[in-house]
2 protein chains.
Amino acid sequence: MQTQGASHGAPLDLVFHALSDATRRGMVERLSRGPASVSELAEPFAMSLPAVVQHLAVLEASGLVRSDKVGRVRTCRMDERALSAAEDWINERKRLWAGRLDRLGEFLSKQDAATKRGTRKK
Amino acid sequence: MQTQGASHGAPLDLVFHALSDATRRGMVERLSRGPASVSELAEPFAMSLPAVVQHLAVLEASGLVRSDKVGRVRTCRMDERALSAAEDWINERKRLWAGRLDRLGEFLSKQDAATKRGTRKK
DNA sequence: TAATTACTTAGGTCTTCACTTAAGTAATGA
DNA sequence: TCATTACTTAAGTGAAGACCTAAGTAATTA
């Protein structure tokens with residue numbers, strides 16, 4: 001239906017959805033300072049461990065975070081590529097928006113004409 | 001609890017949530033090329049008009065889009081500031097992630113020690 | 001003035017989300 | 001070996017999302 005253009009697997013839907021929750025953004029903030037275990041990640045939040053692990057699953061599904069387990073400890077780290085994919089999409093929109101001025105004059109004359117018809121009835 | 005830092009009212013939750021849906025991103029793509037009416041915005045999607053208007057409401061709540069009505073036509077336009085707020089947050093995480101190397105050596109020695117204990121039992 | 005157009009409003013449904021508690025299980029430490 | 005620690009799994013709940021149809025309303029056009 002629509003072009004997706006995800007750079008390497010994780011669609012933008014998942015990345016933006018992952019970032020739409022403050023808890024998950026908090027986790028990304030923490031991980032952007034360096035890797036952490038699940039318990040370390042959970043510590044700042046007043047929430048059950050399973051809840052934190054569910055957030056983590058969302059982050060992993062989006063590609064923002066990866067993790068592996070050594071012994072009984074799962075260590076999580078950020079993968080900045082998913083973040084870049086989101087940023088790239090945003091930048092492309094801003095770039096097009098910056099070029100929109102080409103069409104602004106055209107739009108304004110339409111608006112003006114419409115307004116005139118609306119207020120003065122020709 | 002967490003610092004929000006939204007530039008002018010719309011929290012990042014709303015911006016990222018708005019961008020997490022392909023239909024809404026499609027609308028933003030369209031609007032980044034210039035303003036459009038509700039019907040113009042709805043045209044590419046196989047969806048009822050009310051559904052489109054609900055997506056629009058989400059976009060407006062996030063600050064990504066503004067609209068005003070002249071006569072019976074509502075014209076929508078993008079507000080790039082909300083997009084910049086999202087981009088800023090992403091950039092800050094990437095910046096910190098880039099600086100994380102300071103802590104990498106430290107982390108690796110911990111990992112190494114843990115692995116040794118795990119596989120060889122001291 | 002009557003039809004058409006461009007939305008709006010008001011329900012309703014089915015799914016996904018963000019949690020919870022209660023049990024697990026598998027590694028470690030004493 | 002036995003308790004602890006560090007998660008995991010399972011099941012459930014209440015709220016939010018993403019649609020829909022049907023029925024307005026207000027502005028234009030014929």
Side-chain angles (χ1 to χ4, degrees), chain A residues 1-2 11 13-27 35-62 65-76 110-111 113-122, chain B residues 1-2 11 13-27 35-62 65-76 110-111 113-122:
Chain A
M1 289 174 176
Q2 293 268 122
D13 286 52
L14 297 182
V15 178
F16 284 125
H17 172 241
L19 294 176
S20 73
D21 182 273
T23 301
R24 286 190 294 262
R25 283 201 307 281
M27 291 172 157
S37 72
V38 173
S39 327
E40 284 169 347
L41 228 39
E43 192 263 329
F45 303 105
M47 191 182 289
S48 70
L49 228 213
V52 168
V53 173
Q54 279 172 38
H55 282 302
L56 203 44
V58 172
L59 288 168
E60 293 208 46
S62 75
V65 169
R66 280 173 309 130
S67 74
D68 42 354
K69 207 173 177 176
V70 175
R72 63 188 173 185
V73 177
R74 177 172 298 279
T75 301
C76 310
K110 273 190 206 161
Q111 270 294 90
T115 306
K116 273 173 186 158
R117 276 200 308 281
T119 51
R120 299 186 205 156
K121 215 131 193 187
K122 212 272 181 74
Chain B
M1 290 172 180
Q2 294 267 120
D13 286 52
L14 298 181
V15 178
F16 284 125
H17 172 241
L19 294 176
S20 73
D21 183 273
T23 301
R24 285 190 296 261
R25 283 200 308 280
M27 291 173 156
S37 72
V38 173
S39 327
E40 284 168 347
L41 227 39
E43 193 264 328
F45 303 104
M47 193 182 289
S48 70
L49 229 212
V52 168
V53 173
Q54 279 172 41
H55 281 302
L56 203 45
V58 172
L59 288 168
E60 292 208 46
S62 77
V65 169
R66 279 171 311 128
S67 75
D68 42 354
K69 206 171 178 175
V70 175
R72 63 187 174 184
V73 177
R74 177 172 297 279
T75 301
C76 309
K110 273 190 206 161
Q111 271 294 91
T115 306
K116 273 175 186 158
R117 276 201 305 283
T119 49
R120 301 186 204 156
K121 212 134 199 183
K122 212 264 183 80

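Labels below follow one simple rule: chain letters A, B, ... track the order of the sequence lines, proteins then strands, and each chain is numbered from 1.
Looking at B:Arg25, its side chain does come within 3.5 Å of a backbone N or O of B:Leu19 through a donor-acceptor pair.
For the helix from C:dT1-D:dA30 to C:dA30-D:dT1, the axis fitted to the five pairs at one end and the axis fitted to the five pairs at the other end meet at an angle of 20° (nearest 10 degrees).
Between the side chain of A:Arg72 and the base of D:dA6, no donor-acceptor pair of N or O atoms lies under 3.5 Å. Judged by distance alone with a 3.5 Å cut-off, no donor-acceptor contact links the side chain of A:Gln54 to the base of D:dT8.
The separation between B:Met27 atom CE and D:dC19 atom C1' is 13 Å, rounded to whole Å. A:Arg74 has its CZ atom 16 Å from the C1' atom of D:dT5, to the nearest Å. The distance from atom NZ of B:Lys69 to atom C1' of D:dT28 is 13 Å, rounded to the nearest whole Å. Between B:His55 atom NE2 and C:dC7 atom P the separation is 17 Å, expressed in whole Å. In this structure, B:Glu43 places its CD atom 16 Å from C1' of C:dT5, rounding to the nearest Å. Between the C1' atom of C:dT8 and the CG atom of B:Leu41 lies a distance of 16 Å, rounded to the nearest Å. If you take CG of A:Leu49 and C1' of C:dA18, they are 15 Å apart, rounded to a whole angstrom.
Along DNA chain C, the nucleotide nearest A:Gly71 and the nucleotide nearest A:Thr23 are compared for position; the residue whose nucleotide lies closer to the 5' end is A:Thr23.
Of the residues B:Val52, B:Val65, B:Val58, the one that meets the side chain to side chain contact (heavy atoms under 4.5 Å, CB included) test with B:Arg24 is B:Val58.
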